[in-house]
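Just so you know, these numbers use all the heavy atoms, side chains as well, and skip hydrogens, waters and symmetry mates.
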There are 4 protein chains.
Amino acid sequence: MSSSPIDVALIGAGRIGVIHAGNVARHPAARLRVVVDPNRAAAERLAQRHGAQVGDDPFAAINDPSVRAMVICSPTNLHVEHITAAARAGKAIFCEKPIDLDLRRVDTCIDEVRKAGVPVFIGFNRRFDPSFRALHDQLRAGAIGRLEKVTIISRDPRPPPPSYAAVSGGIFRDMTIHDFDMARWLLGEEPTEVFASGSSLVDPEIGRAGDYDTAMVVLRTPSGKLAHIQNSRRAVYGYDQRIEVFGEKGMLQAGNRVATTVSRWDERGVVADKPLDFFLERYAEAYRLEIDHFFDAICSGRPPAPGARDGRQALVIADAALESAKSGRLVRIHADV
Amino acid sequence: MSSSPIDVALIGAGRIGVIHAGNVARHPAARLRVVVDPNRAAAERLAQRHGAQVGDDPFAAINDPSVRAMVICSPTNLHVEHITAAARAGKAIFCEKPIDLDLRRVDTCIDEVRKAGVPVFIGFNRRFDPSFRALHDQLRAGAIGRLEKVTIISRDPRPPPPSYAAVSGGIFRDMTIHDFDMARWLLGEEPTEVFASGSSLVDPEIGRAGDYDTAMVVLRTPSGKLAHIQNSRRAVYGYDQRIEVFGEKGMLQAGNRVATTVSRWDERGVVADKPLDFFLERYAEAYRLEIDHFFDAICSGRPPAPGARDGRQALVIADAALESAKSGRLVRIHADV
Amino acid sequence: MSSSPIDVALIGAGRIGVIHAGNVARHPAARLRVVVDPNRAAAERLAQRHGAQVGDDPFAAINDPSVRAMVICSPTNLHVEHITAAARAGKAIFCEKPIDLDLRRVDTCIDEVRKAGVPVFIGFNRRFDPSFRALHDQLRAGAIGRLEKVTIISRDPRPPPPSYAAVSGGIFRDMTIHDFDMARWLLGEEPTEVFASGSSLVDPEIGRAGDYDTAMVVLRTPSGKLAHIQNSRRAVYGYDQRIEVFGEKGMLQAGNRVATTVSRWDERGVVADKPLDFFLERYAEAYRLEIDHFFDAICSGRPPAPGARDGRQALVIADAALESAKSGRLVRIHADV
Amino acid sequence: MSSSPIDVALIGAGRIGVIHAGNVARHPAARLRVVVDPNRAAAERLAQRHGAQVGDDPFAAINDPSVRAMVICSPTNLHVEHITAAARAGKAIFCEKPIDLDLRRVDTCIDEVRKAGVPVFIGFNRRFDPSFRALHDQLRAGAIGRLEKVTIISRDPRPPPPSYAAVSGGIFRDMTIHDFDMARWLLGEEPTEVFASGSSLVDPEIGRAGDYDTAMVVLRTPSGKLAHIQNSRRAVYGYDQRIEVFGEKGMLQAGNRVATTVSRWDERGVVADKPLDFFLERYAEAYRLEIDHFFDAICSGRPPAPGARDGRQALVIADAALESAKSGRLVRIHADV
C-alpha cells in the first residue's frame with residue numbers, strides 16, 4: 001500500500017452516513033475528503049470530526065477529480081441520480097440499498113454503470129455480519145452437504161411512522177429486501193417463485209397507509225430448495241435477526257447478539273440479555289467490514305459484492321412478493337435482464 | 001377414586017400400542033384387560049407383561065361388556081370401523097391420529113360418535129409435551145399479549161420407505177397433520193387459508209412415489225395471524241421439534257430435548273447433545289400425560305381434548321395443503337361442517 | 001430371567017422409601033414383598049400401592065427366608081444395625097447413605113459385611129444421574145485427556161431446620177458427603193489432603209447450632225490433581241447441581257435440569273426455566289437407575305458400586321473436612337484401613 | 001471539552017502498548033504525543049501510525065512539560081522507576097499491572113505517588129469487561145441480595161515459557177493477581193485469609209522452575225464470605241474467563257465471549273464456537289473502556305480506579321497465596337499499611 005490513499009466523498013450525513021464516515025476514516029487505504037449534506041450543520045460536524053471538507057453540492061463532489069470513490073447515503077429517491085453521475089465520472093461507488101424503488105429506473109442505472117465499467121457495491125450489510133458470514137462460509141464449504149432449506153427471521157424493534165410506508169415502498173421493498181438478498185446469497189441459486197402473505201397487526205395505521213407490518217414469505221428455486229422469511233415491524237425484546245440453513249448433513253444456525261453474557265438466576269428463572277436493540281449496534285461490525293471489503297476490492301481490482309445486479313434482483317423479488325401478497329397468488333420471479 | 005378401575009381393551013400391539021399399554025397399566029384409575037392384534041405373538045408378549053388377556057377379535061373386545069374404554073392403535077384404514085363399533089357399544093374411545101385419510105369417512109364416523117355421545121380422544125400427543133404445553137399455557141395467560149405469528153419446525157430423523165407414501169396419505173396427512181393440530185391449538189382461531197410448497201430433496205424415490213419429503217406451509221386466520229410450518233423427512237442430528245410464538249409483548253420458544261446436559265469444550269468448539277432421536281423418546285412424557293388426560297376426562301365426565309372434531313379439522317387443512325402444493329395456489333380452508 | 005423374582009423387604013416408608021419402593025416394584029427382576037416402618041399407616045399405604053405386605057419388625061423382615069434383598073431407608077442411626085443383621089442373614093443390601101456418622105461403627109459394620117460376603121450398595125444416587133454418568137464415562141474414555149481439576153457446585157434449595165445439625169452430623173457429613181463421593185469417583189484417585197472453610201450465612205441459627213450452611217472445599221491427590229467443592233444450604237432458584245472436569249485436552253460440563261425448554265423473550269430479557277426444585281425431581285432418573293444397577297449386580301453376581309468402602313471413604317473425607325474447617329488447617333486424609 | 005487535548009507519552013511499544021496507543025489515539029480528549037521504546041523500530045511503527053513522535057528516553061518523555069499523562073507499558077521491573085518519576089513530574093499515570101513484584105518497593109512507590117497527589121490508574125482491565133462490569137453493577141444494585149460467594153474461573157489458552165516463572169514472580173503474582181483484584185472488587189470487603197494449592201500439571205518444566213501452572217485458591221472475609229479462584233496455564237479450547245456470584249436472592253454468572261453465534265447441528269451433536277482465543281480479543285473492549293475511564297477521571301478531577309492501593313492489595317494477597325501454597329497452611333492477609 002505504498003500508493004496514496006483513496007480520497008472519498010460522502011453524500012448524506014445522516015445516521016448511516018455517520019457510521020460509514022467513521023469506518024472510511026479508520027480505513028488505512030481510504031481518506032474521507034468531502035462530506036455533502038443539505039443539512040449543512042450535520043455535514044460540518046461530521047467533516048470536522050474526520051478532518052474532511054464540507055461540500056455544497058453532491059455533483060461537484062462527484063466530479064471533483066481528486067475524489068476516487070463515492071459513498072452514497074442520500075435519500076433513496078436520489079440514489080439513481082447520484083450513482084449515474086458517479087459512474088459517468090468514473091468513480092468507484094458504494095451505495096446504500098436500495099438502488100431505487102422502481103425497477104425501470106434501476107435498469108437504466110445499471111446500464112450506465114455497466115457502460116462506465118466502474119466498481120459498484122450495494123450496502124446489503126448483513127452479508128458482512130461475522131455470524132452470518134461464518135454460516136455462509138461453512139455452508140459453502142459443505143458443512144451440511146446439499147442445502148435444502150433456508151429460514152430467515154427478521155424483526156425490527158419498533159415500527160416506523162405510518163407515513164414511512166409511501167416513501168419506503170412498503171415492507172417488502174424496504175425491510176424484506178435485506179432478507180431477499182440474504183436468501184439469494186445463501187441459496188446459491190435464484191429463487192423463481194414467491195408466495196407472500198402480509199398483515200397489519202402491529203399498527204393499524206400502517207395498514208391504512210396500504211402497507212403491512214407483519215409478513216411471511218416462501219421462496220422456491222428451480223431445484224426445489226425452499227426458503228422462508230418472516231418479518232415483523234416490532235419486537236419488544238430487541239432487534240431479532242436469525243438465520244437457519246438446513247441440509248442433507250445437518251443444520252447451521254446463527255443467532256442474535258447480546259451486549260453481555262450475564263445471566264441472573266432467581267425465583268423467576270434464568271434471565272439472559274435480550275438481543276442488541278437496533279441495527280446500528282447489531283451490525284456495527286458488519287458496517288465496518290463492508291467498508292473494508294469495498295476498499296479491498298478497489299485496491300485489488302476485483303469487483304465488490306454484492307453489486308448492482310444483486311441490488312436489482314432483491315428488488316425484483318420484493319416486487320413479486322408484493323404482487324403475491326396483494327393477489328393471494330404464487331408469483332413467478334422474472335428472469336434476469 | 002373408590003370406584004373400581006376402568007377396564008381397557010387395546011387394539012394394536014405395535015410400537016405405539018406398546019407405549020400406550022405401559023401407560024394404561026401404570027394409571028391408577030385404569031386396568032389393561034385385553035390386548036388384540038393379528039400378530040398374536042406380539043399381543044401375547046404385551047398382555048403378559050401387564051397381566052392382561054389376549055383377545056382374538058377386535059370387535060369381540062369392543063363388545064365385551066366389562067370393557068369401558070378402547071385404546072385404538074390399529075392401522076389407519078381400520079380406525080373408522082373400530083371407532084364406529086366402539087361408539088355404538090358406548091365405550092370411551094382413545095384413537096391414534098388420524099381418524100382416516102378420507103374426509104367423507106371421517107364425517108360419517110363423527111356422526112356415529114355424536115349420536116352415541118361417547119367421549120373420544122384423538123392422539124395428537126404433542127399437545128401434551130410439557131414444553132409445548134407450558135408454551136401454550138403461557139401464551140393463553142397473556143405472556144406475549146396478542147398473538148401474531150406461530151412458527152413450527154418439525155423434522156423427522158429418517159425418511160420412511162417410499163412405499164409408505166401411498167399408505168400414509170402423503171406428508172401433509174401423515175406428518176404435517178400434527179403441526180396443523182398444533183397450529184390450530186396455538187392460534188386459538190381457525191386458519192382459513194393455506195399455501196404449501198413441497199419438494200422431494202431427501203429421497204428421490206419419495207418424489208417418484210408422488211409424495212414430498214420437504215415442505216413449507218403458511219397458514220392465515222381471518223384476523224390476519226400467520227403461521228409457518230416447516231417439515232423435513234430427515235434430520236441427521238435427530239428429531240427436530242421446535243415452536244416459536246410471537247406477539248405484541250414478546251416471544252415464547254420451546255426447543256428440543258436432550259438426553260444429557262453434558263457439553264464438551266475442546267479445540268473444535270463447545271459440543272452439546274443433539275436432540276433425542278425419535279418420537280418415542282422425545283414424546284415419552286407426552287404419551288403418558290395424554291393417557292392421564294383421557295382417564296381423568298372419563299372419571300370427571302368432561303370431554304377429552306383434542307377430540308374427533310380436532311381430528312377432522314387437521315385433516316381438512318392437510319387436504320387443502322396438498323391441493324395448494326399440487327396447484328401452486330393459495331387454497332381456502334373450508335368451514336367446519 | 002426365567003428364574004423367580006428377587007423378593008425385597010423395604011425398611012422405611014418415608015420420602016426416599018416411597019421412591020425406592022416404586023422403582024423396585026417396576027423392576028422386572030424384583031418384587032416388593034414387605035414394607036416395615038414404625039409409622040404403620042405409611043407402611044400400609046406404600047405396601048398396598050405395590051401389592052406388598054406390611055411387616056411389624058425390621059429384624060423379622062431381614063430374617064424372613066423368602067426375602068433375598070433389603071432396601072434400607074431407616075434413620076441413619078439404625079443403618080449399622082440393619083446392615084449388620086442383613087449381612088448375617090445373607091441378604092443383598094441396598095442402604096441409603098451414610099452408613100453411619102461414626103467411623104468406628106462404620107468399620108465394624110464393614111467387617112461384618114466382608115465376613116458375610118454379601119453384596120452391599122450405598123445409595124450415592126448422583127453417580128447414576130444420566131448427565132453426571134455421561135460426563136464420567138466420557139472422562140474415562142479420554143475425552144479430555146489427563147484429568148487435572150474437578151469442580152462441583154452443589155446447593156440445596158432450602159435450608160434444613162437448625163435442629164437438623166445435630167442429627168445429620170453437620171453439612172460435611174450430611175450434604176458434602178455426596179460431593180466427596182463424586183469427587184473420588186471422578187478423580188479416579190484418592191484425595192489425600194483437604195482444606196475446608198465453612199460459614200453460617202444463610203441462617204444464623206444453623207451457626208448457633210454449631211453447623212455451617214455455606215462451605216468451600218479444596219481436595220488434593222498425590223499426583224497433584226485438585227478438586228473444588230462448593231455448597232450452600234439455600235439457592236432461591238432451585239436445586240443447583242453442576243460438575244465441571246478439566247484436563248489436558250479440554251473440559252466437560254454437566255449442568256442443571258429443567259422442567260421445560262421454554263424461554264420467554266420480552267423487554268426484561270430472555271427468561272428460561274430455573275433448575276428443577278429438589279432432589280426427588282432432579283434425581284428421579286438416578287434413583288431408578290441405581291435400583292436397576294443393584295438388581296443387575298445381584299443377577300449377574302458382580303459387586304454393586306458404590307459399595308461399603310465407598311461409603312466409608314466419603315465419611316473419612318467429611319471428617320477431615322470438618323477438622324479443617326474447625327482448625328483452619330490443611331488436613332491429611334488418612335489412608336484406607 | 002473546549003480545552004485542548006491531553007498530550008500523552010507512552011512507554012513501551014510491545015503488544016499491550018500497541019493496544020493502549022490505539023485507544024489513546026481514538027479518544028477525543030487525548031492525543032498521543034510521544035512513544036518511547038528501546039526497540040526503536042517498534043516505537044517508530046507505532047508513532048507513525050498515530051501521528052506521534054518517537055522519544056529516545058523515557059525520562060525525557062516523562063519530564064516533557066507538554067506531556068500531561070503517562071501510559072506506562074514498560075517491563076514490570078521498571079514500573080516503579082517510571083511511576084515515581086512521573087509522579088514527581090506531576091503527571092497523571094496509567095500503569096500496567098503489577099506495580100512491582102516486591103511489596104516494599106510498591107510501598108515506597110505509593111508514598112511518592114501520594115506525596116505528588118497525582119492520579120494513578122493500575123491496569124486491571126477485567127474490571128472494564130462489559131459483562132463483568134454489568135455483573136458487578138447488578139450485584140451492587142442488590143440483584144442477588146447479600147453476597148455470600150464468589151467463584152472465578154480463569155484459564156490461559158497456552159502456558160508461558162518456563163523461563164517466564166522467574167521474571168513474572170510466579171502464577172499468583174502474574175496471573176492470579178487479576179483474579180485477586182476481581183475478588184476484592186466483587187466481595188466489597190477485604191479478604192483476610194487465603195488458602196492456596198498449586199500443582200504443575202501442564203508443563204513439568206514450569207514445576208522445575210519453581211512455579212505452578214494449576215492453582216486453586218479460597219479467600220475468606222471477616223464476615224464469612226467465601227471466594228474461590230481457579231487457574232490453569234493452558235486451556236485447549238481458548239481463553240476461559242468466567243465469574244459467578246451467589247447470594248441470598250440468587251446468582252449472577254458472566255461467561256466467555258465468542259466470535260460468532262453460529263452453531264452446527266450434525267450427527268456428533270450441536271457445536272458452538274469456543275471462547276475467543278486470548279486476552280487481546282477477549283478484553284479488547286475492556287482495554288478501550290479503561291482508557292476512557294482514565295481520561296474521564298483526569299477531565300473530571302475524580303481519582304481513577306483501580307488505583308495504586310488496589311495494585312498493592314492484590315500483590316499482598318498474591319504473596320500470601322504463594323506462602324500458603326508453599327507451606328500448606330491457611331495464611332492471614334495482613335492489614336493495609
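Contact annotation for Q138(B): only side-chain heavy atoms (C-beta onward) come within less than 4.5 Å of a heavy atom of chain C.
Contacts between residues 253-278 of chain B and chain C, counted as heavy-atom pairs separated by less than 4.5 Å, involve Q253(B), A254(B), G255(B), N256(B), R257(B), A259(B), T260(B), T261(B), V262(B), S263(B), R264(B), W265(B), D266(B).
In the displayed structure, Q48(C) atom CD is contacted under 6.0 Å by at most 12 heavy atoms of other residues, nucleotides or ligands.
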